[in-house]
Each structure stands twice: as C-alpha cells, then as structure tokens.
Amino acid sequence: MCISEKANLDFGSLPFSYQKTDINVRYTWRDGKWDDGIETDSETLPLHIAATCTHYGQAAFEGMKVYETKDGRFLGFRMAENAKRMQHSASLLLMQAPPTELFTQAVHRVVKANKRFIPPYGSGASLYVRPLLIGTGARIGVRPADEYMFLVLVTPVGPYFKQGFSPTRLIIEETMDRAAPQGVGTAKAGGNYAAGMRGTVHARDKGYGEALYLDAKEHKYIEELGAANFFGITKDKAYVTPKSPTILRSITNMSLRVLAADLGYKVEERVVLTDELHEFVETGACGTAAVITPIESITFRGKEIVYLKDGKPGPHCTELYNGLTSIQCGDVPDKYGWTERIEG
Ligand SMILES: *Cc1c(COP(=O)(O)O)cnc(C)c1O
C-alpha cells in the first residue's frame with residue numbers, strides 16, 4: 001500500500017460542508033473523570049431524551065484546520081488555544097471540559113485515523129476538525145448535567161467561499177444583537193449560533209453576505225460578525241480590531257495581530273466607533289474557516305461604505321492572508337511555534 005494513499009475524492013472542488021469520514025472519537029466524563037475514549041464509524045449519537053444539551057443548550061464547539069505540507073507532513077495550528085477556549089466556554093456553561101492534553105490527544109487520534117481524508121498540498125482544501133462538548137446527563141430541572149461527552153469529528157473542506165479568497169458585502173445589523181455585555185458572547189456556545197442565524201438569514205435575504213453586529217448596550221461600537229472577528233486597516237498602516245468583553249476571541253485574529261506587527265503595522269485593539277468605518281482603507285473578517293474575508297463594502301443606515309471598488313481583495317488583506325496561510329501550510333518556517341506536526 002502506498003503510504004500517501006488518499007480517499008477517492010475530488011479534493012480540488014470540495015464544498016465547505018460535512019462529509020463522512022472513517023472515524024470520530026468520543027470521550028465520556030462520568031463520576032468525576034474522563035474515560036479513554038472510543039473510536040467509532042457511527043455518525044449518530046445514543047442520546048438520552050432529557051440530555052441537557054438538547055433542552056438547555058449545554059453545548060460548545062471548536063473549529064480548526066489541518067493542512068498537508070509540500071513534503072507530506074500534516075500540520076495543526078495553535079490547538080492548545082482551542083483547548084483553552086473550549087475550557088473557557090465550558091466554564092461559562094457550567095460544563096466539564098477536557099484538559100488541554102486530552103483535547104490535543106483526541107485531535108491527533110482522529111486526524112491520524114482519517115489521514116486519507118487530509119486534502120493534498122496545493123488543493124486549496126484542508127481537513128476541518130470539529131471538537132464538540134455536550135451535556136449528556138439527563139435533567140428536567142434546569143441545572144448542569146452529571147455526564148458529558150467530548151466528541152471530535154473531521155471532514156475535508158474546500159475554501160469557505162467558493163471563489164476562494166474573495167470579498168463580501170456586509171450590513172450593520174441594528175435590530176438584533178449578538179451578545180449581551182454580561183452574557184456568554186465569549187463562549188463558542190451552540191446557543192449563540194442558533195441565535196445568530198436570524199441575523200445571517202436577514203442579511204442574506206437583503207443581498208448581503210453577512211451581518212456585522214454592534215455592541216448590545218450602546219449600539220455605537222463595532223463588535224464582530226456572527227462567526228468571525230472584524231478588523232480595519234487605516235491609511236497610516238494600523239491594524240485596528242475591536243476590543244470588547246463580548247467578542248469571541250478569535251485565534252486567527254490573535255495570530256494576525258502578531259503577524260501584522262512583524263509586517264510593520266501598528267496594532268490597535270480598542271473600541272471602534274461606527275464613525276471610523278469611513279476612515280479605513282480596507283476592512284476584513286477573520287476566522288478559521290475563511291482565514292480572512294476581505295470586505296467589499298459595509299452598509300450602515302442605508303449608506304454603503306465601499307472599500308473595494310473593483311471587487312478584488314486589497315493589498316493589506318492579501319499580505320496578511322498570504323502571511324498566515326503560508327505558515328499554516330508549512331510554506332515558510334514557523335518562527336512563532338504555532339504549528340504542530342500530527343504524525344501520520
Ligand atoms: C469561531 C468564531 C470566530 C473565529 O475564531 P477563530 O479562532 O479564528 O476560528 C470569531 N467570532 C465568532 C463569533 C466565532 O464563533
């Protein structure tokens with residue numbers, strides 16, 4: 001058998017959607033501890049009808065990508081940060097979280113078992129890794145479960161946007177909020193995304209790619225998109241990204257801030273007023289799925305602020321996108337220690 005044997009898929013034209021692979025891994029927390037986990041080819045869960053994840057939303061997830069390098073290695077990206085964020089989400093939802101070591105072990109285990117689904121270098125595709133934590137213990141009264149499942153599934157995905165690294169138009173959503181100031185906006189909690197679908201569908205119905213949210217208290221400051229952080233670039237080369245207690249702390253954004261500083265940008269993490277949107281020369285959305293999505297325009301109170309007149313990504317977004325993705329797929333040396341090799 002050839003060691004680099006791949007699944008029989010058209011890796012070059014994969015959509016960003018779920019597709020069955022060989023195995024997912026599942027760990028159970030019961031009686032105060034995590035078990036050793038199992039590998040299964042089942043795509044369904046045996047779930048109690050009163051599990052807290054179903055009625056009361058004790059559910060949190062993560063998302064990361066694994067790339068194949070030119071020389072056939074498999075690279076994960078800052079996985080310990082995802083582990084920490086899942087622990088943070090769990091703490092807000094009163095769930096038990098996998099320790100960082102268990103989290104990374106589980107990811108290695110499931111990626112290894114599905115290595116034939118890791119898209120080949122240069123295909124533009126990657127293996128998307130989706131860790132999920134759910135309350136599985138039965139409750140009818142509203143209180144935390146006494147049993148949890150930590151599951152990791154993988155699926156090969158193409159670029160988030162079909163045309164690849166291409167711009168999108170946003171609309172500022174003033175009739176809905178993403179997260180309350182003292183709520184759980186910093187958690188990747190399932191409920192936040194159920195609540196956010198309304199905003200996305202509303203924006204799409206009006207012909208926009210996504211909604212951009214303001215802070216829920218004052219409706220004055222830019223926060224983020226439903227599943228991506230926001231940044232703007234000023235004419236004097238500052239990378240500006242909103243600072244807010246309700247934003248989901250994007251690992252892509254954390255990485256871009258470091259990279260931008262090294263590329264000579266001034267990095268500012270601070271409140272961003274809607275008035276400032278006129279002052280940016282480029283704006284972008286960032287997250288694991290699309291890395292960076294250049295923003296073509298933002299519509300606010302009926303006026304469209306246009307950043308990209310020809311519909312093509314600008315030089316700043318392009319520089320940052322190329323900088324980060326070349327580290328992620330091993331094209332340049334990773335001086336930050338962000339990538340982690342997953343042994344096939
Ligand atoms: C997942 C997510 C992001 C992006 O986070 P990454 O760690 O960069 O993938 C940003 N905002 C929200 C609301 C998210 O759910």
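If you read the sequence from its start, that first residue is 1, and numbering goes on from there. Atom set for the values below is all heavy atoms of this structure, side chains included, hydrogens, waters and symmetry mates excluded.
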Check whether the side chains of [X] and [Y] place a donor and an acceptor atom closer than 3.5 Å, and report yes or no.
{"X": "Ser297", "Y": "Glu304", "result": "yes"}
{"X": "His219", "Y": "Glu174", "result": "no"}
{"X": "Gln328", "Y": "Ser126", "result": "no"}
{"X": "His48", "Y": "Thr136", "result": "no"}
{"X": "Thr40", "Y": "Ser42", "result": "no"}
{"X": "Arg26", "Y": "Asn24", "result": "yes"}

[X]: partners by side chain to side chain contact (heavy atoms under 4.5 Å, CB included), with sequence neighbours left out:
{"X": "Arg270", "result": "Val240, Glu268, Val272, Glu276"}
{"X": "Asp146", "result": "Arg139"}
{"X": "Ser17", "result": "Pro15"}

Are the side chain of [X] and the backbone of [Y] linked by a donor-acceptor contact shorter than 3.5 Å?
{"X": "Arg85", "Y": "Arg249", "result": "yes"}
{"X": "Arg169", "Y": "Thr299", "result": "no"}
{"X": "Gln96", "Y": "Trp29", "result": "no"}
{"X": "Glu282", "Y": "Cys317", "result": "yes"}
{"X": "Arg130", "Y": "Glu62", "result": "yes"}
{"X": "Ser326", "Y": "Asp331", "result": "no"}
{"X": "Ser89", "Y": "Lys188", "result": "yes"}

For Glu218, all residues meeting salt bridge (Lys or Arg N to Asp or Glu O under 4.0 Å), sequence neighbours excluded: Lys220
Non-neighbouring partners of Arg257 that pass salt bridge (Lys or Arg N to Asp or Glu O under 4.0 Å), sequence neighbours left out: Glu269
Heavy-atom closest contact ([X] atom, [Y] atom, distance):
{"X": "Ala145", "Y": "Gly137", "value": "CB-N, 3.7 Å"}
{"X": "Leu248", "Y": "Asn229", "value": "O-ND2, 3.0 Å"}
{"X": "Pro156", "Y": "Leu9", "value": "CG-CD1, 3.9 Å"}
{"X": "Ala59", "Y": "Leu93", "value": "O-CD1, 3.6 Å"}

Pairs flagged by ring pair (Phe, Tyr, Trp, His ring centres under 6.0 Å) wherever residues 237-291 is involved - sequence neighbours left out: Phe231-Tyr239, Tyr265-His316
Ring pair (Phe, Tyr, Trp, His ring centres under 6.0 Å) contacts in which one or both residues fall within residues 324-344, not counting sequence neighbours: Phe77-Trp338, Tyr336-Trp338
Pair [X] + [Y]: basic N to acidic O under 4.0 Å:
{"X": "Arg178", "Y": "Glu223", "result": "no"}
{"X": "Lys217", "Y": "Asp177", "result": "no"}
{"X": "Glu5", "Y": "Arg116", "result": "no"}

Pairwise salt bridge (charged side-chain N to carboxylate O under 4.0 Å, His left out) hits with a residue in residues 226-241, at least two apart: none
Salt bridge (charged side-chain N to carboxylate O under 4.0 Å, His left out): pairs with one or both residues in residues 35-48, sequence neighbours excluded: Glu39-Arg109
Is the closest side-chain heavy-atom distance between [X] and [Y] below 4.5 Å?
{"X": "Leu277", "Y": "Ile172", "result": "yes"}
{"X": "Ile327", "Y": "Val332", "result": "yes"}
{"X": "Leu102", "Y": "Tyr27", "result": "yes"}
{"X": "Leu133", "Y": "Pro98", "result": "yes"}

Linked hydrophobic residues, Ile171 as query - side chain contacts closer than 4.5 Å: Tyr208
Co-members of Val184 in a cluster of I, L, V, M, F, W and Y side chains, linked at under 4.5 Å: Leu92
Ser255/Ile251 under side-chain contact (heavy atoms from CB on, under 4.5 Å): CA gap, chis, key distance, verdict: CA-CA 6 Å; Ser255 311; Ile251 296 158; 4.3 Å; yes
side-chain hydrogen bond (donor to acceptor under 3.5 Å, both in side chains) partners of residues 189-201, not counting sequence neighbours, each pair once: Thr200-Glu210
Within one Ile-Leu-Val-Met-Phe-Trp-Tyr cluster: Ile23 and Leu45, side-chain cutoff 4.5 Å: no
Glu68 CD to Phe74 CZ distance, which is reported to the nearest 0.5 Å: 5.0 Å
Distance, nearest 0.5 Å, that separates CG of Asp215 from CG of Leu273: 9.5 Å
Aromatic ring pairing Phe150/Phe103, orientation class (parallel under 30°, perpendicular over 60°, tilted between): parallel
Residues, nucleotides or ligands: over 12 heavy atoms within 6.0 Å of Asn8 CG: no
